[in-house]
Amino acid sequence: MEKLERTIAEPIGEVDLRRPKMELSKIGGKIQTGLETFFIKKGYLFLIIGFLLGRALILSQLTPFTLPFFAAMYLVRKDKAPLALIGLIGGASTLSFTHGVTTFLTSFFFLFVFRISKKWVTNELKVMPIYVAATLLISSIIQSYILTGHVAMYDFMMAGVEASLGFILCLIFLQSLPLLFFNRRRQSLKTEEIVCLIIMLASVMTGTIGWTVYDLSVEHVMSRYLVLVFSFVAGATVGSTVGVVTGLIFSLANISSFFHMSLLAFSGLLGGLLKEGKKIGVAFGLLIATLLMGMYGDNQSNLLIGLYETGVAIFLFLLTPQSFTSKLAKHIPGTAEYAAEQQQYMRKMRDVTAHRVSQFSNVFQALSQSFAMQHQAPVVENDETDRELDYFLSNVTEKTCQTCFKKDHCWARNFDTTYDYMKNIMHDLDEKDGQISSRLEREWEKHCTRSKKTTEVIQQELTFYKANQRLKKQVQESRKLVADQLLGVSAVMGDFAKEIQRERENHHKQEEQILEAIQEFGVEVEQVEIYSLEQGDVDIEMTIPYCNGHGECEKLIAPMLSDILGETILVKSEECASYANDYCHVTFRSAKAYVIDTAVAHAAKDGGLVSGDSYSTIELGSGKYAIAISDGMGNGERAHIESKETLELLQKILQSGIEEQVAIKSVNSVLSLRTTDEIFSTLDLAMIDLQNADAKFLKIGSTPSFIKRGSQVMKVQASNLPIGMIEEFDVDVVSKQLKAEDLLIMMSDGVFEGPKHVENFDLWMKRKITELKTNDPQEVADLIMEEVIRSRAGRIDDDMTVMVAKVKHNIPKWSSIPFHKQAN
């Protein structure tokens, strides 16, 4: 009994409520796939289209649709052309037996002429409309002659009209038929293609003229349904166009349908305007148009029938699945679905590009690790050193001991002793400038009968051995430098990949708010485009009418933006209009927290024109400001070229985004491997962050720098050899926190070591800087230069350069204008 109760109490299983929904979606997908296979892949859709086009008439007696459709099908889908021909003959036979026979004979005559002349045709697409027009013209004249026994001028005119229509319709069908294969076509539709598709659909619907169901006209229902679909998908412009084109085709087929064109055009316009109301809004537009246009008629029964036809069209429209309208909208430019499809495509391309860049970053990182592995195996390096020593002694014994009569005695019986003696001799010669200790020399003479010759050979081989060791060391250091450079490039490319994958936010709401806020102050703004609203990285572009040079962007708009966004905004660039009716384009960016004012004073040796010193200020895109001085070895043109090239290389590498230390090592590598001449350059680099005034100093063989803060003077010094002197070195980085109103004073050795009869240059320079009564950068630079030259009695014995940078808070010229929106 307990077992039975437990069995009843236990749940048998879970009920999946989502299963029926999934099964319904699968059933719907199977039905859609089956319909596509039946109508498109098997071609029965073209049988139906051919049947309706075979029934279509123009001016109540012309049938210009049959041959153009068959010719287009023969060229586009040759395998489905027989089905289309059967449909055309069947549709024409419903009009009369004569029409059916004429359609068959005309198509046969066209195929006969086209197949015979095909060998001379190079471009079938261009000549196909001409063949169609010629065939229709000839067949119409022959048909008139057979039926009446003569050909009148009216018959010639009607034959020309039918041939002209056939020529145009052939072009339209050739362009619109491929649009039916949505699975093969993914690009957007052009305006001409949309019009051609509408003409073809309207032409097909003319085959339903005369069909009624319960006194409701089928062509009226289908045409209104077509207008509803395109108004809902593409808006008022395309909707009204579809209405006009469809009504025009119907009016050509039946003159009584001319009034119907106005209804379709008006309903397409209203439906497109009410598109925001979804399907109900578009349907309401058609209903209003039917009521308004029906009121112009005198017969109330026609209004009632028109309302019934509109109701049926709305019912069919409401039954149209969302997947069909969305699929159609993806191919029409200007729709939200098309924009989403394009955005998805761009996102995919962006992701692919970012992935490729990330792969390149990984490749450079792997290469960097491969080069760096050479420095992570000290045991292997020791084994390599012992092996090189063995090769060295082998070369020595080959030239000395190979022909000696005591060879076996030394190397067979006393191998370790002989080996140790030669090894000690090599070390003594290396460490004692070619001399060996007297004790080792006596012992070696007792052991070896060719002691002097062996010593000389060891001395000679030692020279080659040391050169080989230097070369190997240089290669190893170059490998490490390349590893650092590759790692730096990998980091830059990795950051670039992340930047590519960043989504740009849409700021439509913020753009409207800013536009409204500025216009409330009476400032006219045409357009606002926001690219970034990140704190410290605001990027806004505006289009304003001609300002006549009054500077309202800097005086009004930027201060208002500063108050709205809560940070200082400045005018980055401005393109003023050239005439009164034009527009100005302005870019606003975030202001940095600090700005740097720089000044320089320099002089060449003996008052010459060319100085060996070079200087540069570099504003990097990452919000950093670089100040650099390079002093080439010596004076004159050669030293100037060396220092200038150093700064140019440094600037290009820093602007690429590579870290400062790696950039300096790269410059050092290039300059050290570039030439065998001993031409070196010093580098004094200061990198200042404009957001927090944090400064990094990298001094390569340069003199100290000084920071003047009020009456306090601080020295910044680092010890590194000049660039290009050695292949590998560690860059010593000194960090200092600067403050507003600080003076940074950098100088070359010609200034620092320039004062005559001074023992302590540091104290002398600190004292002169402390005694300065001005904070103007240019005056400070000029006064320091003047003091140094005056101490040498007006002589300039070396190139001299002084750079002074003043750190200041970035205060805009115009204060922010407060904006307070009035509450309703």
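Residues: numbered from 1 along the sequence shown.
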Using a cut-off of 6.0 Å, state whether more than 12 heavy atoms not belonging to F284 lie near its atom CZ.
-> no

Side-chain contact, heavy-atom cut-off 4.5 Å: V528 with F588?
-> no

When rounded to the nearest 0.5 angstrom, what distance separates CD in Q691 from CG in N810?
-> 9.5 Å

Find the distance between OG1 (T587) and NE2 (H585) and round it off to the nearest 0.5 Å.
-> 10.0 Å

Kindly say whether Q527 contributes a backbone atom to a donor-acceptor pair with the side chain of T543 at under 3.5 angstrom?
-> no

All ring pair (Phe, Tyr, Trp, His ring centres under 6.0 Å) counterparts of Y625, not counting sequence neighbours = none

Kindly give the heavy-atom pair with the smallest separation between P559 and C553, and that separation in Å.
-> CD-O, 4.4 Å

Do other residues, nucleotides or ligands put more than 12 heavy atoms under 6.0 Å from the NZ atom of K644?
-> no

Determine, step by step, whether V538 and I540 satisfy the side-chain contact (heavy atoms from CB on, under 4.5 Å) criterion, reporting the C-alpha distance in whole Å, the side-chain angles of both residues, the deciding distance to 0.1 Å, and the verdict.
-> CA-CA 7 Å; V538 173; I540 301 176; 3.8 Å; yes

Please walk me through it: do L772 and T770 pass side-chain contact (heavy atoms from CB on, under 4.5 Å)?
-> CA-CA 6 Å; L772 293 173; T770 306; over 6 Å; no

Side-chain donor-acceptor pair under 3.5 Å between S748 and D631, yes or no?
-> no

Polar side-chain atom of D799 near backbone of G612 as donor-acceptor pair, under 3.5 Å | yes

Sub-3.5 Å donor-acceptor pair from the side chain of K808 to the main-chain atoms of D597, do we have one?
-> no

Side-chain contact, heavy-atom cut-off 4.5 Å: V586 with I557?
-> no

Taking Q778 for its side chain and V600 for its backbone only, find out whether a donor-acceptor pair lies under 3.5 Å.
-> yes

Can you name the nearest heavy-atom pair linking V282 to G271, along with the distance?
-> CG2-O, 3.5 Å

Yes or no on side-chain contact (heavy atoms from CB on, under 4.5 Å) for E787 and W764, after CA distance, side-chain angles and deciding distance?
-> CA-CA 11 Å; E787 286 288 340; W764 187 90; 4.2 Å; yes

Measure across S611 and A603 and return the closest heavy-atom pair with its distance rounded to 0.1 Å.
-> OG-O, 4.1 Å

V716 to K699 - nearest heavy-atom pair and separation = O-CE, 3.2 Å

Between K766 and K715, is any pair of side-chain heavy atoms under 4.5 Å apart?
-> yes

Tell me, do H809 and Y594 make a side-chain contact under 4.5 Å, heavy atoms counted?
-> yes

Out of curiosity, M746 CE to I629 CD1, how far, rounded to the nearest 0.5 Å?
-> 5.0 Å

Is any side-chain heavy atom of N692 less than 4.5 Å from a side-chain heavy atom of D689?
-> yes

Establish, from distance only, whether the side-chain atoms of T598 and K806 form a donor-acceptor pair under 3.5 Å.
-> no

Nearest-0.5 Å distance that lies between atom CD1 in I769 and atom CD in Q712 | 12.5 Å

Between S705 and D684, does any side-chain donor sit less than 3.5 Å from a side-chain acceptor?
-> yes

With no hydrogens and no angle check, is any side-chain donor or acceptor of T703 less than 3.5 Å from a backbone partner on M747?
-> yes

Student check: side-chain heavy atoms of I530 and I514 closer than 4.5 Å | yes

At their closest point, which heavy atom of F761 faces which heavy atom of F752, and how far apart are they?
-> CD2-O, 3.3 Å

Please check if atom CD in E276 has more than 12 non-hydrogen atoms from other residues, nucleotides or ligands closer than 6.0 Å.
-> no

Student check: side-chain heavy atoms of E567 and S562 closer than 4.5 Å | no

Point-to-point distance, once rounded to the nearest 0.5 Å, from CD1 of I688 to CG of L744 | 5.5 Å

Indicate the atoms forming the closest heavy-atom contact of C584 with P545, along with that distance.
-> SG-O, 4.0 Å

State plainly whether the residues K708 and D742 are in salt-bridge range, i.e. N to O under 4.0 Å.
-> no

Is the closest side-chain heavy-atom distance between K279 and F232 below 4.5 Å?
-> yes

Rounded to the nearest 0.5 Å, what separation is found between the CG atom of D613 and the CG atom of D749?
-> 7.0 Å

Go through the steps for I745 and V802 under the test side-chain contact (heavy atoms from CB on, under 4.5 Å), then give the verdict.
-> CA-CA 7 Å; I745 303 169; V802 181; 4.3 Å; yes

